[in-house]
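One structure is given below, encoded as structure tokens.
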Amino acid sequence: MRRHQADGDRVPVVTGCEEMLARTVLAELGLGGVELIASTLRPGWSGPREGRHNVGRRKVEALAVAGIASCATAYSDSSRDIPMLKIAGEPVLVNAVPAVCKRVERALGRPVGRVEWY
């Protein structure tokens, strides 16, 4: 992420994680100023309820709202992100097991990059 930022790229973090939790994690990593597109909560009669769960095609919809219709590179650790990976010039899977890699490559009809981050 820092390499992309240093290159001057727009680097939104698009996650299914709840927004406040995701902001806290990013801040702990020293990435507090990163553009975040996350899941939200809404008030409910017995406590917080899911507002928008930002997964699958909803990530693409949320990116569109942020003015992003395509991207040079997208990183994911899940085949649930196939819709988001489809709009990327370079889709990259992070710590993905072979079955996930095969599923994503079959859905995209092309090879994907792979990285191991721990």
Working to the nearest 0.5 angstrom, can you tell me the gap between [X] [atom1] and [Y] [atom2]?
X   : Y   : atom1 : atom2 : result
R52 : S39 : CZ    : OG    : 8.5 Å
E18 : T40 : CD    : OG1   : 8.0 Å
R49 : R42 : CZ    : CZ    : 7.5 Å

* To do: Please list, chain by chain and in numerical order, all residues satisfying side chain to side chain donor-acceptor pair (under 3.5 Å) with S79, sequence neighbours excluded.
  =>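 Checked S79 against side chain to side chain donor-acceptor pair (under 3.5 Å); matches are R103.
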
* Asked: Can you name the side chain to side chain donor-acceptor pair (under 3.5 Å) partners of R58, sequence neighbours left out?
  ->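 Applying side chain to side chain donor-acceptor pair (under 3.5 Å) to R58 gives none.
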
* Asked: Taking all atoms of both residues into account, what is the closest heavy-atom pair of V100 and L93, and its distance?
  ->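 So the minimum-distance heavy-atom pair works out to O-CD1, 4.3 Å.
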
* Asked: How far apart are the closest heavy atoms of V34 and V11, and which atoms are they?
  ->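 Looks like CG1-O, 3.5 Å.
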
Taking ring-ring contact (aromatic ring centres under 6.0 Å, His included) as the cut-off, I'd like each qualifying pair that reaches into [range], sequence neighbours left out, listed once.
range           : value
residues 79-103 : none
residues 17-43  : none
residues 35-58  : none
residues 75-113 : H4-Y75, Y75-W117

* Asked: Other hydrophobic cluster members with L41, side-chain heavy atoms of Ile/Leu/Val/Met/Phe/Trp/Tyr under 4.5 Å, chained?
  ->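 Taking Ile, Leu, Val, Met, Phe, Trp and Tyr as members, L41 stands alone, with no cluster partners.
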
Donor-acceptor list for residues 60-74 side chains, cut-off 3.5 Å, not counting sequence neighbours:
| residue | atom | partner | partner atom | Å |
| --- | --- | --- | --- | --- |
| E61 | OE2 | R57 | NH1 | 2.8 |

* Do the side chain of N54 and the main chain of T15 share a donor and acceptor less than 3.5 angstrom apart? ->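 Between the backbone of T15 and the side chain of N54 there is a qualifying donor-acceptor contact (under 3.5 Å).
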
With sequence neighbours left out, write down each residue that passes salt bridge (Lys or Arg N to Asp or Glu O under 4.0 Å) with [X], or none if nothing qualifies.
X   : value
R2  : none
R10 : E35
E19 : R23

Under a 4.5 Å cut-off applied to non-hydrogen side-chain atoms, are [X] and [Y] in contact?
X   : Y    : result
L26 : L36  : yes
V94 : S76  : no
D81 : V104 : no

Count I, L, V, M, F, W, Y as connected when their side-chain heavy atoms are under 4.5 Å apart, and connections chain through other members. Are [X] and [Y] then in the same cluster?
X   : Y    : answer
V13 : M84  : no
I87 : I82  : no
V55 : L108 : no
V25 : M1   : yes
L21 : L31  : yes

* Asked: Do any pairs count as a side chain to side chain donor-acceptor pair (under 3.5 Å) and have a residue in residues 104-116, sequence neighbours left out, and if so which ones?
  ->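 Checked against side chain to side chain donor-acceptor pair (under 3.5 Å) - neighbours excluded - the pairs reaching residues 104-116 are E105-R114, E116-Y118.
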
* Please test D7 against R3 for side chain to side chain contact (heavy atoms under 4.5 Å, CB included), starting from the C-alpha separation and ending with a verdict. => CA-CA 6 Å; D7 290 345; R3 178 178 49 87; 4.1 Å; yes

